[in-house]
Amino acid sequence: MSPDLHTVEGIARVVDIQGATAWLEPEQTSSCGSCASASSCGAGARDANPAGGIGTVANRIAARRFALDNAGGLHVGERVVVGVAERALIRAALTAYGLPLATALTAGGIAESTWGSDLATMAAMAGGLGFGLLLARLVARRLSVRGELAPHFLRRAKPGETCGGSTT
Amino acid sequence: MKDFALMMIGAALVNNVILARFLGLCSFMGVTTRIDTAAGMGLATTFVITVSSMADWAVQHYLLDAYGLGYLRTVTFILVIASAVQFTELTIKKVSPALFQMLGIYLPLITTNCAVLGVALLLVEGHMSFLGATLFGFASALGYSLVMVIFAGLRERLALAEVPRLFAGPPLGFIVASLLAMAFMGFSGISTG
Amino acid sequence: MSSSNYKTIVKDGLWDNNGVFSMLLGMCPAMAMTTSATNGFGMGLATAVVMAASSLLVAVFRKLITPEVRIPVYILIVAAMVTLVDLAMNAWMHELYKVLGLFIPLIVSNCLPLARLEAFAAKQPVLPSFLDGLFMGLGFTIALTAIGAVREITGNGTLFADASLLLGPAFKAIELRVLPADMGVLMMILPPGGFLVTGLLVVVKRMLDLRAGKEIQMGGAHSVA
């Protein structure tokens with residue numbers, strides 16, 4: 001799929017152009033397609049309601065719309081290949097999930113050794129979780145500004161090019 | 001402190017969620033074609049499992065035990081888990097839309113992941129304190145993530161190999177998993193009290 | 001509905017589109033609860049009951065369930081059926097219940113019932129849906145019993161050991177010893193054996209499919225109708 005180990009490629013379609021910004025929606029890739037429960041989790045194939053609705057695929061893809069600078073003169077309907085730094089996914093996951101968990105567990109541990117009651121620990125963990133989420137928001141903002149999270153334009157997609165999963 | 005550490009090692013390695021307890025196998029086969037997706041899925045599941053362990057413990061103690069509603073455990077736990085997934089989705093979306101774009105796709109898969117419900121049911125059987133239950137959930141989920149990433153690394157290598165057509169895909173994955181399971185059995189020598 | 005359609009449902013559920021070997025769903029209990037043929041059989045039957053009952057209910061209410069809420073509704077229906085089966089087994093099949101333990105509630109997160117509800121029961125009338133759920137569950141039972149049998153014979157040398165204990169005294173007749181006890185490979189009953197035997201049996205199914213001239217299925221749920 002991607003010859004360069006440091007950039008992960010994905011295919012997206014241009015859905016809107018607003019001035020110098022192009023809005024793209026990702027094409028549904030196969031992280032769900034190879035999962036055996038694809039048909040039951042509602043995120044694998046097109047659902048009965050193509051117009052969208054809570055939990056449908058169309059709604060989900062629309063929520064993942066992202067913006068690119070329209071430097072390459074893109075038109076609506078074009079398919080492009082975008083790249084994301086490989087580390088970006090892991091870094092994003094660690095920020096969004098790892099940070100709040102770390103603060104929550106630390107807070108809980110401190111509460112348990114200080115007070116030792118279940119209720120106090122619960123409250124401390126909830127507080128720690130909230131604090132961690134706020135921290136995550138700050139870190140995410142910094143990462144976005146540095147361009148390490150957002151995808152960047154690589155090239156136009158060739159007519160038959162797809163982003164399929166590997167066979168094993 | 002030492003008890004917690006031993007319990008966590010037990011939960012993560014000795015009784016590994018995937019390789020010893022056979023939970024979470026659908027995602028184990030489905031999302032491990034690349035290391036970064038496996039890591040993303042693992043971390044998302046860790047978050048959901050930890051949060052839902054906390055919520056399930058609270059529900060068990062303050063609702064089910066208090067009112068003798070033990071038979072409703074399956075239904076209430078699955079509701080709590082679904083809510084935990086929704087909560088995670090909404091929270092990540094609010095925290096950072098950029099992060100949500102990258103990570104959101106894994107979340108709906110987690111609701112039907114047997115590992116989440118399995119870990120919740122296990123910690124109820126263990127009769128632990130709140131912190132103990134949360135750490136148990138967290139450690140189990142870390143063990144899950146570890147195995148997912150290891151397996152993804154193996155599959156990335158396998159993808160480059162020529163495989164007999166009959167064995168291609170899941171069967172080969174299972175055979176490799178059985179070798180991994182054998183390797184992890186080495187941890188059973190650790191006495192976790 | 002024509003009778004040939006019913007025949008397709010039965011054949012698909014039992015073998016052609018077998019939940020475990022063709023669709024590769026429901027892997028967790030398929031490997032965890034197959035340390036012996038009896039365990040596999042018991043687990044499979046429990047799942048079959050849940051599948052038949054929930055397919056029936058979903059088909060009855062299918063016109064009322066909107067697409068947006070269908071997944072939570074399916075999960076709740078399956079959870080309710082699982083609770084019933086759980087309590088019933090605790091009361092009437094206590095030994096088997098203790099062996100299967102945690103995996104009875106885990107039927108809720110088993111991909112197979114949900115997949116059949118989504119692919120079949122949501123769109124088909126009541127009787128075909130009930131039969132689909134039932135026979136998919138029976139196919140699941142066949143698969144689990146097969147995996148359990150292979151693991152038990154290679155691991156322990158017995159077949160259907162403890163059947164009278166777990167299923168009732170009438171089943172004492174099927175308890176067999178196939179190989180001498182010291183010829184068993186302990187690994188087969190332990191987790192690695194679960195993965196290995198399941199993988200190899202999937203390959204066997206593919207070989208049989210090829211010989212019958214059918215396409216090899218790579219996994220994923222398929223609809224019958």
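Remember, it's a predicted structure, so these values are computed and weren't measured experimentally. Naming: A, B, ... by sequence-line order, numbering from 1 per chain.
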Sort Leu76(C) into side chain, backbone, both or neither according to what part of it lies under 4.5 angstrom from a heavy atom of chain B.
side chain
Could you tell me if the ring centre of Phe22(B) sits under 6.0 Å from that of Phe103(C)?
no
Value rounded to 0.5 Å, distance of CD1 in Ile71(C) from OG1 in Thr111(B):
9.0 Å
Chain B: which of Ser109(C), Pro192(C), Ala80(C), Ala30(C) shares the most heavy-atom pairs with it under 4.5 Å?
Pro192(C)
Heavy-atom distances under 4.5 Å only: say whether Leu117(B) touches chain C with side chain, backbone, both or neither.
both
Is Phe195(C) close to Leu19(B) at the side-chain level, that is, under 4.5 Å between some pair of heavy atoms?
yes
Before giving the answer on side chain to side chain contact (heavy atoms under 4.5 Å, CB included), spell out for Val202(C) and Phe167(B) the whole-Å C-alpha distance, their side-chain angles and the decisive distance to 0.1 Å.
CA-CA 9 Å; Val202(C) 171; Phe167(B) 279 83; over 6 Å; no
Between Ala82(B) and chain C, with a heavy-atom cut-off of 4.5 Å, which part of the residue counts as in contact: side chain, backbone, both or neither?
neither
CA sep, side-chain torsions, deciding dist, call: Phe174(B), Leu24(C), side chain to side chain contact (heavy atoms under 4.5 Å, CB included)
CA-CA 11 Å; Phe174(B) 288 143; Leu24(C) 295 169; 4.2 Å; yes
Heavy-atom distances under 4.5 Å only: say whether Leu200(C) touches chain B with side chain, backbone, both or neither.
side chain
Shortest non-hydrogen separation from Cys114(B) to Leu106(C) and the atoms involved
O-CD2, 3.7 Å
Assess the residue pair Thr83(C) and Leu72(B) against the criterion (side chain to side chain contact (heavy atoms under 4.5 Å, CB included)); give the C-alpha distance rounded to whole Å, side-chain angles, the decisive distance to 0.1 Å, and a yes or no.
CA-CA 7 Å; Thr83(C) 309; Leu72(B) 283 183; 5.7 Å; no
Which region of Met187(C), side chain (C-beta onward) or backbone (N, CA, C, O), has a non-hydrogen atom less than 4.5 Å from a non-hydrogen atom of chain B, or is it both or neither?
side chain
Walk me through it: do Tyr71(B) and Leu84(C) pass the test side chain to side chain contact (heavy atoms under 4.5 Å, CB included)?
CA-CA 9 Å; Tyr71(B) 56 90; Leu84(C) 289 177; over 6 Å; no
Euclidean distance, Leu25(B) CG relative to Cys28(C) SG, rounded to 0.5 Å:
4.0 Å
Please classify the contact of Leu190(C) with chain B as side chain, backbone, both or neither, using a heavy-atom distance under 4.5 Å.
side chain
Checking Leu79(B) against chain C: side chain, backbone, both or neither under 4.5 Å from a heavy atom?
side chain
Using 0.5 Å steps for rounding, measure from the CG atom of Leu87(C) to the OG1 atom of Thr74(B).
8.0 Å
Is the count of non-hydrogen atoms from other residues, nucleotides or ligands lying under 6.0 Å from Tyr62(B) atom OH greater than 12?
yes
Within the structure provided, determine whether Pro171(B) and Arg206(C) are in side-chain contact (heavy-atom separation under 4.5 Å).
yes
Report the distance from atom CG of Leu196(C) to atom CE of Met182(B), rounding to the nearest 0.5 Å.
6.5 Å
Could you give the distance from CE (Met31(C)) to CD1 (Ile18(B)), rounded to the nearest 0.5 Å?
11.0 Å
Side chain, backbone, both or neither of Arg73(B) within contact of chain C (heavy atoms, under 4.5 Å)
neither
